[in-house]
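Take a look at the structure below.
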Amino acid sequence: MLEVTDLTVAYSLIEAVHKISFKVPVGTVVTLIGPNGAGKSTTLNALSGVAPMRGGRILLDGQDISRWSVHRRVAAGLVQVPEGRLVLAGMSVRENLELGAYRRPRGDVAADIRGMEARFPILYERRNAAAGTLSGGEQQMLAIARGLMAHPKLLLLDEPSLGLAPLLVRTVFEIVSELRNSGLTILLVEQNARQALSVSSYAYVIESGKIVLEGPAAELRSDPAVIRTYLGQGV
Amino acid sequence: MAQLSYFFSVYGSLVNFIGINALLALSLYVTLSAGQLSLGNAAFAGIGGYTAGILTTRFGVPYMMSLLAGALVAALVGFLLGMPVLRLRGVFLAMATLSFGEVVRIAAVNLKITGGAEGLMGMPTHTKTWFIYLMIIGVCYFLAKLRYSSVGWSFESIREDETAASAMGINTTYYKTLAFTIGAFIAGLAGAMYAHLNYIITPGEFGFSAAVNLLIYCIVGGSRVWYGPVLGAALLTALPEILRGIGVTAGPIRMFVNGLILLIVILFLPNGLVSLFQHRKTADASVLACVGIGEE
Amino acid sequence: MNLLLQQLINGLFIGSVYGLFAVGYTLVFGVLDILNLAHPAVFTLGGLTALWLVETAGLRLWQAFPIAVLVAGLLGLLLDRVAFAPLRQRADTYFSGLISSIAMAIMFESVALGLFGAHTVRFPANTVPLHIWRFAGVTVTSLQVEIVAVALLLMVGLTQFLKHSRTGKAIRAVAENDRMARLLGIHVDGIIAFTFFISSALGGAAGILFGLYFDSLSPDMGRSIELKGLAVIVLGGMGSIPGAIAGGLAFGLSEVLTVAITGTSNLRDAVAFAVLFAILLLRPSGILGRGRMREA
Amino acid sequence: MLLDINNITRYFGGLCALEGVSFGVESGSVHGLIGPNGAGKTTLINILSGITSATSGNLRLDDQRIETFPAHKVAALGVARTFQNIRLFPVLTSLENVIAGQHLVAPRPLLPRLMCLSGTRRQEAVYQKQSMDILVRVGLGDRADFPAQHLSYGERRRLEIARALASRPRLLLLDEPVAGMRREEMLGVAALIRSLVREGMTILLIEHNMAFVMDLCSQITVLNFGSVITTGSPAEVGMHPEVIEAYLGKSDHHA
């Protein structure tokens, strides 16, 4: 599905990500974990085309999309749900969903919205409310639902559990496993490494813009180095 | 010597205007150096000009005293205006100072003592070229010394990041008001000198276009060092003459060239014309920096 | 009483033109957070283009109007490409955009000056067939009614377009958060260019209506409305379309009422700017604003 | 107790960012402040440094109430800080950034400068030497003439610490000082913090890197959803069941 080789990203003169390579096979969930500032979100943004790529190659279904514009990537099914639940706060919940389908033919959208509202009833109840008035958990549902409206082939999920109460974190990860079970390919970035590893099949550990470790998620969960640094033994 | 006196007989008033405009540009530079975009400096010049003009014509106050009074009154108004408006940022500050300027202009049109729309007349033409340039040198000296004093570092810090500046112990309200007041003082002084250069001043000379012109001088010359505004004012004030010299006489074309220069500078020389002359030490260092980082 | 009513009606007419002008102004600010100071110059060129089409090309006004509006829209595209798009990635994009738009304004005005000369011109008599209605001591001309109708139609059309159309929603998405809009697959640069097109088209339409209403057009007519437009969008809350419409009407009414109450037109603008100044100090987000304050 | 935080609450609109936060920071200690993203740590630092005001509650610095003080007054009492999102002065050089940070301790009066008094030059040399020493101390001695915007991420973080140190604070608030740093750089910062504390400085440290926090801090306060879960020694905090759940997610869920 996705194959990234030697991806390098630099903001102004400073490199944020240095020659990283990874793969997301079709139908799997792959996770990038690592500390704050390691370059996880930057990597996702480079995949979406909103961070400046300095080198490397991104293959989506064997096609080199490295030079594609953002909207072309979205149209091709590479969809990001960004960090911090970036809903369009002043627009209604319904409008947010509609804009999720911006790159799709108009005819199918109404049916999709009905489907999405059936799946997340709260989005139907609050359909006319400004998205900014939703609670944190509801906004995250909306952000994910909006991402799904684009019919993604590959969903990039950036810190979906950020700032959510433990109960909601669990709900969000339940949604992620449902999506995985329905066959969607997902690249997940998470600080909550324990939860993230439990829903993924493979994971990469990023530190200071480089991949320092990779392996099947189950193995990383029992790797002493990962446990010490990310699963926080001792805390 | 004869050539020089010929030059002055032809270009004397141009040289004077360059000087006045340079002073006005310097007044805006002070405000900009503390990160505050003011469109009120033309109005401060008007306040200084009218104050000084009224004092000399109506009350027979000596020239030098009237200059001082004009500058002080402008500074006082700047201080009083600065306290409330400097809470505003960016475009909102620009517009508040702009509307203040308009109110001043309209007041000058409507008041009797200012001579209404026809302007204030009868000022003794005491302002001499050497005096204008002496004042410029004085102001430049002051600003150059100010830059590396506590006040100058505070202005610089506020311009770069107001929040960080306040966390370093800089009383941002105090220093912003100070910058605004110093700017108003210099503008008032320039206005007072202008009033005694020309025999007459009119409200329209201190309106919105004048305010925008000052901004243009600073941007084209460069607003990060004190000589930038002087350079900008000199070049742009002389531009019509320069263009005439190369055969461009039509007004619209001169105007077009004016706009074009401004556009080119803002697109390609964001730090103004002075960046063409500045030595490249820091630029070289930055190149080294990226090489160093690339190797890591 | 009838005099007051007549004044209120006149205020409504001119206010609708202000509103139309300000709607375009505020649209660009809402989407880009940038003040497009070339908007008044587009307003001027819109009016003068329509005049040229009627007078020289011999078109009827209903034919000339859409063509001139289209030309104004194209000028907006030019503005975006030349003055704004190159600065978009820069850290001081808001400040440099302000300057580059001033540069474009100067060039546009010089073009108007070069093509149409410095004198005031007017639409030929009978460009619009004129009926005069009188009732209850109030006089209303068909031209006034048509101006209000066209202005309201355009403003309501824009509001509906932004609210319901797919592109309109995309514009609002870009206004809220351009990064997020990009991630949704919205072609942000295209949307911004389109926003400039609409904004400038509306500005041009306002210029035509303004020229018809006052029966005079000149290359510097934009200056007379420039500051008022700024005042209107601050009054209505920067970036708010309904705010700009309401602000335009309020401004028109305040002007005629000031004239009616003071008996002279001298203080017409002073009251408006004093109100603007007060609003900036007391409630910087404007009366109907979204409470959005730009950090400079 | 150098700093006493008592019942601090902060609302943003209807949203509660901090609720009844209370803890004390011992003089001469490194006090850690941890918690998941969005827990309210940065809001608290902003309130402590006077950049944001608290909705209610009070703050004492050496028994002086400071919760109503604006940022510059708090700074004048000896509180300096760094910012999570790095707020250097980008076009100024490293040295100039530190010089700007000397505002409170290095008066540079204008009048003697205008009169070109000879003492000015000597005084300036002393101040510049002090700034340079601080740069050397954070390991940026060779970067003095570089504009801050051209420094690497880790260098910028260290320069921010240097600028904060320039005001010779008693209390230093560090907001994620080693985020994005390489391991060697991180060790350097840890050594710097230790030596500052040896000289009597008090440090309140926000950091995500657990090993770093556990290593340096004598006391740790854990924040979650705007409330304090617990304050205690690293060992105590590590055992606290609520901390484990809040900070790491439910460990029993999938493990």
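The sequence lines fix the lettering, A, B, ..., with proteins before strands; numbering per chain opens at 1.
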Where does B:L86 contact chain C at under 4.5 Å (heavy atoms): side chain, backbone, both or neither?
neither
Which residues pass the salt bridge (Lys or Arg N to Asp or Glu O under 4.0 Å) test with B:R224, not counting sequence neighbours?
B:E156, B:E160
Given a strict heavy-atom distance threshold of 4.5 Å, which part of C:F108 is in contact with chain B: side chain, backbone, both, or neither?
neither
Checking C:E109 against chain B: side chain, backbone, both or neither under 4.5 Å from a heavy atom?
both
Contacts table for residues 98-109 of chain B: side-chain donor-acceptor under 3.5 angstrom, sequence neighbours left out:
from: B:S99; atom 1: OG; to: B:M95; atom 2: O; distance (Å): 3.0
from: B:S99; atom 1: OG; to: B:A96; atom 2: O; distance (Å): 3.0
from: B:E102; atom 1: OE1; to: B:R105; atom 2: NE; distance (Å): 3.4
from: B:E102; atom 1: OE1; to: B:R105; atom 2: NH2; distance (Å): 3.0

Can you tell me which portion of C:L115 sits under 4.5 Å from chain B's heavy atoms? Options are side chain, backbone, both or neither.
neither
Shortest non-hydrogen separation from C:S110 to B:P252 and the atoms involved
CB-O, 3.2 Å
More than 12 foreign heavy atoms under 6.0 Å from CZ of C:R90: is that the case here?
yes
Does CD1 in B:I242 sit with more than 12 non-hydrogen atoms of other residues, nucleotides or ligands closer than 6.0 Å?
yes
Given that the side chain runs from C-beta out, which part of C:L35 has a heavy atom under 4.5 Å from chain B: side chain, backbone, both or neither?
side chain
Heavy-atom pair count under 4.5 Å with chain C, highest-scoring of B:V257, B:V85, B:N258:
B:V85
Any residue of residues 261-273 of chain B which, by heavy atoms, sits under 4.5 Å from chain C
B:L262, B:L263, B:I266, B:L267, B:P270
Within residues 203-223 of chain B, residues adjacent to chain C where the heavy-atom gap is under 4.5 Å:
B:F208, B:S209, B:V212, B:L215, B:I216, B:I219
Taking everything shown except B:Y174 itself, do over 12 heavy atoms lie less than 6.0 Å from its OH?
no
Interchain contact, C:V111 with chain B, by part (heavy-atom threshold 4.5 Å):
side chain
Return the CG to CG distance between B:L39 and C:L227, rounded to the nearest 0.5 Å.
10.0 Å
Honestly, the part of C:I99 sitting under 4.5 Å from a heavy atom of chain B is both
Segment of B:L37 engaging chain C (4.5 angstrom heavy-atom cut-off)
side chain
